[in-house]
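Read through the structure below, which is laid out as structure tokens, and then see the notes.
Residue numbers start at 1 and run along the sequence shown.
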Amino acid sequence: MAATTILLLLAATAASAADLSVYHNVHPPSPSPLESIIALARADDARLLFLSSKATASPGVTSAPVASGQAPPSYVVRAGLGTPVQQTLLALDTSADATWAHCAPCDTCPAGSRFIPASSSSYAALPCASEWCPLFQGQPCPANQAASAALPACAFSKPFADASFQASLGSDTLRLGKDAISNFAFGCVGAVTGPTTNLPKQGLLGLGRGPMSLLSQTGSRYNGVFSYCLPSYKSYYFSGSLRLGAAGQPRNVRYTPLLSNPHRPSLYYVNVTGLSVGRTWVKVPAGAFAFDSNTGAGTVIDSGTVITRWTAPVYAALREEFRRQVGAPSGYTSLGAFDTCFNTDEVAAGGAPAVTLHMDGGVDLTLPMENTLIHSSATPLACLAMAEAPQNVNSVVNVVANLQQQNLRVVVDVAGSRVGFAREPCN
């Protein structure tokens, strides 16, 4: 995702300095939205493995622009690091805590811009004795460290998708929209092992719930509240937004409680109570949506997975009811991760039913049709834009992904232990 060939970022004049827009131009354009989504979803397996893995628990309006990238996590936010500021594109990740950036020098990092710590007067390397080091799972200080010797920098490694990277811990000023966050702790990546195809090209912004996330590091500035609105994959030019803090959030939000999983403390779990297709409730086995912190079972809202995945019994029931109501005369075919594709010429206009997610708190999230069906622009073909969770990767976690969140304002209120949804056009 080299900035000179793929991303075109333009700062637009906005009504408020706190609400900036970013425009993103993907070169070359995809032949159709369907092919684009299928290509992006190929990396979902690695993402789902991360979401379903069990981990040990770790001890005014500000708005930043969001645009879609090409590799999961598939949306990026324009940020600034350092003094003087160095512009960078950080992948928006609601399921990760640590923020990190590719730093110079790094011969094995993906092609693209790198943050240069040596050029920032406000950058500080954090030593192994820093209170941040164990939170990032950094290496402890040497046991035989001489009292008079300088402490080594905190070093840590992290797997990501099908690669891993080595980083040193540092702090610097992070700029998001009009806000400057001083002494922000983040990882400075100096080496990558393995393929870099699915790595964010410049870095990642951690919006999870853990102690080193953006929310935790900013404390009372944002009071544990943020929201995002993701633009559609179908648009050639599009913009969305990341809004930090309670001020300026929409009033027409319907909230459902957040659930906490001590084994996966970063994730935003919600309690789905059922699905409906059209006016018909989907008949799923008893307990199919149950939350279980020991196994990780339940439903996660995630900005980094491309297409929503339901566990096998849930998806089988959803697919059966959807197919029954569509009634495609020629039947259904598979394409990529999608197994319910049909000829739209054979189905009357408006024949595809809406899918609704029912959640605790009386939240009934009826997905817009563009979040339910993905169309091919080359042929009269459309597919149900959801899939079964791969059995060899994830058999317990339902993931509501970014394709189903597009053109919705998702409001996360960690302090209030709730997440909400409101319709909002982001394109």
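Residues Asp97 and Leu207 fail the side-chain proximity criterion, which asks for heavy atoms closer than 4.5 Å. Counting heavy atoms from C-beta outward, Asn271 and Thr273 have side chains that approach closer than 4.5 Å. Inter-residue side-chain proximity for Leu381 and Leu335 is flagged as met; some heavy-atom pair is nearer than 4.5 Å.
Between the side chains of Asn371 and Gln406, at least one donor-acceptor pair of N or O atoms lies under 3.5 Å. Side-chain atoms of Ser171 and Asn183 include no donor-acceptor pair closer than 3.5 Å. In summary, the side chains of His263 and Ser293 do not present any donor paired with an acceptor at a separation below 3.5 Å, with no hydrogens or angles considered. Using modelled atom types, one finds a donor on one side chain and an acceptor on the other under 3.5 Å when comparing Asp179 with Tyr222. Side chains of Asp364 and Thr356: a donor-acceptor N/O pair is absent below 3.5 angstrom, by distance only. Using a 3.5 Å distance cut-off with no hydrogens or angles, the side chains of Gln166 and Ser157 do not pair a donor with an acceptor. With hydrogens and angles left out, the side-chain atoms of Ser227 and Arg409 include a donor and acceptor closer than 3.5 Å. Between Ser216 and Arg209, the side chains place no donor N or O within less than 3.5 Å of an acceptor N or O (distance only, hydrogens not considered).
Test Val419, Val400, Thr299, Val270 against Met359 for side-chain contact (heavy atoms from CB on, under 4.5 Å) and you get one pass: Val270.
Cation-pi geometry between Arg418 and Tyr255 is met: the NZ or CZ atom falls under 6.0 Å from the ring centre, inside 45° of the normal.
With sequence neighbours excluded, the residues satisfying ring pair (Phe, Tyr, Trp, His ring centres under 6.0 Å) with Phe165 are Trp100. Evaluation of the ring pair (Phe, Tyr, Trp, His ring centres under 6.0 Å) rule for Tyr332 yields no partner, not counting sequence neighbours.
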Kindly indicate, with the supporting measurements, whether the criterion side-chain contact (heavy atoms from CB on, under 4.5 Å) is fulfilled by Phe115 and Cys188. CA-CA 8 Å; Phe115 174 64; Cys188 220; 4.2 Å; yes

Evaluate side-chain contact (heavy atoms from CB on, under 4.5 Å) for Val326 paired with Arg323, printing each intermediate quantity in order. CA-CA 5 Å; Val326 171; Arg323 289 181 176 183; 5.9 Å; no

Under the criterion side-chain contact (heavy atoms from CB on, under 4.5 Å), I'd like the reasoning laid out for Gln404 against Thr372: C-alpha separation, chi angles, the key distance, then a yes or no. CA-CA 7 Å; Gln404 278 61 53; Thr372 303; over 6 Å; no

Phe342 vs Leu373, test: side-chain contact (heavy atoms from CB on, under 4.5 Å). Steps then yes/no. CA-CA 11 Å; Phe342 57 94; Leu373 286 181; 4.0 Å; yes

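The aromatic rings of Phe186 and Phe184 sit parallel, their planes meeting at an angle under 30°, below the 60° perpendicular limit.
Formation of a donor-acceptor pair under 3.5 Å by the Ser241 side chain with backbone atoms of Arg243 is not found in this model. Using a distance-only test at 3.5 Å, with no hydrogens or angles considered, no donor-acceptor pair links the side chain of Thr311 to the main chain of Val397. In this structure a side-chain-to-backbone donor-acceptor pair under 3.5 Å is present from Thr256 to Asp360.
Few gaps surround CG on Asn252; more than 12 heavy atoms of other groups in view lie less than 6.0 Å from it. The environment of CD in Glu346 is crowded: more than 12 heavy-atom neighbours from other residues, nucleotides or ligands sit within 6.0 Å.
Remark: SG of Cys106 is not found under 2.5 Å from SG of Cys103. Disulfide criterion (SG-SG under 2.5 Å) for Cys154 and Cys128: not met.
Salt bridge status for Arg319 with Asp339: present, with a side-chain N to carboxylate O gap under 4.0 Å.
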